[in-house]
**Q** 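This is the structure I want to talk about, given as C-alpha cells.
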Amino acid sequence: MSKSAAISFEYFPAKTDAGREKLLNVTTPELQAIGPEFFSVTYGAGGSTRDNTRGIVEGLNAQGLSVAPHLSFGLDDEATIGALLEDYKAAGINRLVALRGDLPSGAGGGARLVYANELVAFIRERTGDHFHIEVAAYPEIHPQAESYESDVRYLKGKFDAGADSAITQYFYNVEAYFYFLDRCAALGIDKPIYAGIMPITNYANLARFSRNCGAEIPRWISKRLEGFADDQESIRAFGIDVVTQLCQTLLESGAPGIHFYTMNQTQPTLQICRNLGL
Ligand code: FAD
C-alpha cells in the first residue's frame with residue numbers, strides 16, 4: 001500500500017449553530033487524528049450556501065487546519081467571486097475546489113453556468129499561483145457529457161487552465177477509475193487524480209443521489225443493501241466492509257490518495273481509515 005497516499009475529508013456546510021459547533025469541535029478533532037492533507041467544504045448550487053460555507057471554512061482555518069472551500073460562479077458576477085477570492089487569500093486560505101456547479105432549482109432555462117475551466121482561469125488571472133486548485137473528475141463520466149472522450153478532454157482543459165489536481169466523483173467500480181486514469185494519461189494529464197469515496201450509510205439516499213450524479217451502484221451491492229431493508233446495523237457493517245475493500249484495492253494499486261465524502265459524520269469514515277491502518 002502506498003504510504004504517501006493523501007487523505008482528505010469533505011464536509012457540507014451545517015446550517016444550524018448546533019450543527020456547526022458539532023462539526024468544528026467534535027467531528028473535526030476525531031477526523032484530524034487521521035492526519036488529513038486538508039478538509040474541504042462544499043458550496044451550494046448557485047452560491048446558496050456562500051455564508052455558511054465561509055463560516056465553516058473560517059472555523060476550520062482558525063483551528064490552524066488546511067481547508068479548501070469549494071467555489072463556483074453560479075449566477076454571481078466577477079466582482080462577487082473576485083471579492084470572495086480576495087477574502088480567502090487574506091485569511092490565509094491557499095487551496096480551493098473549483099467547480100462549474102449546477103443551477104439552483106427555479107433558476108430558469110436561460111441561465112448559463114461558468115464552466116470549471118473558465119473559473120480556474122479566472123482564479124489564476126486574479127490571484128496568480130496563490131491557490132492550489134482542485135477540480136472535479138468523473139471516472140463514470142459526468143451525466144451531461146457529450147461523450148467519454150469529450151469529458152476527459154474537458155478535464156484536460158481544466159488542468160491546462162491551471163488546476164493542480166483533481167478529485168473524482170464517488171464510484172464503486174474500481175476498474176472505471178483505473179481505466180479513466182489511463183485515458184487521462186493518454187491525453188497528457190500528469191497531475192494527481194484523487195479517488196472520491198462515499199461511505200455507505202443509507203441506501204435510499206445513496207440510490208437517489210447516484211441516479212442524479214451518474215455514479216453507478218453495482219447490482220450486487222444494491223441487491224445486498226435492498227435485502228437489509230431497515231436493518232441499519234447490517235447496512236453500516238456491510239458498507240464499511242465494501243468500502244474498506246475498495247479503498248484497499250485503490251491504495252494497493254497506486255491511487256495517489258482518497259478524498260472521503262464524510263457527509264459530516266465521523267463514522268463510518270473513521271472506521272474505514274482505521275481498517276486501512278491510516
Ligand atoms: P465542468 O468541469 O465545467 O463540466 C460540466 C459539464 O460540461 C461536463 O459534462 C463536461 O463534459 C462539460 N464541459 C466542461 N467544460 C466545458 C466547456 N468548456 N465547454 C463545454 N462543455 C464543457 N456541486 C455543488 O453544487 N457544490 C459543491 O461543492 C460540489 N463539490 C463537488 C466536489 C467534487 C469533488 C465533485 C466530483 C463534484 C462536486 N459537485 C459539487 C458537483 C458538481 O458541481 C457537478 O457535477 C456539476 O454538474 C459539474 O461541475 P464541474 O466542475 O465538474 O463542471
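We count ligands from 1, going down the list as the structure has it; atoms in each ligand are counted the same way.
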**Q** Is there a donor-acceptor contact under 3.5 Å from the side chain of Thr168 to the main chain of Tyr170?
**A** no

**Q** Can you list the ligand 1 atoms lying under 4.0 Å from a non-hydrogen atom of Gln169?
**A** 36 (C)

**Q** Between the side chain of Asn117 and the main-chain N/O of Tyr154, is any donor-acceptor distance below 3.5 Å?
**A** no

**Q** Would Arg224 and Phe238 count as a cation-pi pair here, with the cationic atom under 6.0 angstrom from the ring centre and within 45° of the axis?
**A** yes

**Q** Distance to 0.1 Å, residue and atom name: give those for the protein heavy atom nearest to atom 24 (C) of ligand 1.
**A** Tyr43 O, 3.5 Å

**Q** Note the single closest protein heavy atom to atom 41 (C) of ligand 1, along with its residue, its atom name and the distance in Å.
**A** Tyr138 OH, 4.3 Å

**Q** Just heavy atoms, cut-off under 4.0 Å: does His259 contact ligand 1 by side chain, backbone, both, or neither?
**A** neither

**Q** Determine, for Lys223 against Glu226, whether the closest basic-nitrogen to carboxylate-oxygen distance falls under 4.0 angstrom.
**A** yes

**Q** Determine whether a donor-acceptor pair (N or O, by modelled atom type, separation under 3.5 Å) exists between the side chain of Thr28 and the backbone of Asn25.
**A** no

**Q** Applying a heavy-atom cut-off of 4.0 Å, say which part of Arg100 lies close to ligand 1: side chain, backbone, both or neither.
**A** both

**Q** Run the numbers for me: atoms of ligand 1, each under 4.0 Å from some heavy atom of Ile167, listed by number.
**A** 34 (C), 36 (C)

**Q** In terms of atom number and element, which parts of ligand 1 are under 4.0 angstrom from non-hydrogen atoms of Ala136?
**A** 35 (C), 36 (C), 52 (O)

**Q** Starting from atom 8 (C) of ligand 1, which protein heavy atom do you reach first, and at what distance in Å?
**A** His142 ND1, 3.3 Å

**Q** With no hydrogens and no angle check, is any side-chain donor or acceptor of His142 less than 3.5 Å from a backbone partner on Ala137?
**A** no

**Q** Which atoms of ligand 1 sit under 4.0 Å from any heavy atom of Gly101?
**A** 43 (O), 46 (C), 47 (O), 49 (O)

**Q** Which of the numbered atoms in ligand 1 are under 4.0 angstrom from any heavy atom belonging to Asp151?
**A** 8 (C), 9 (O), 10 (C), 11 (O)

**Q** Among Tyr115, Tyr148, Phe12, Tyr261, which residue places a heavy atom closest to atom 4 (O) of ligand 1?
**A** Tyr115

**Q** Can you confirm whether or not the ring centre of Tyr203 sits under 6.0 Å from the ring centre of Phe228?
**A** no

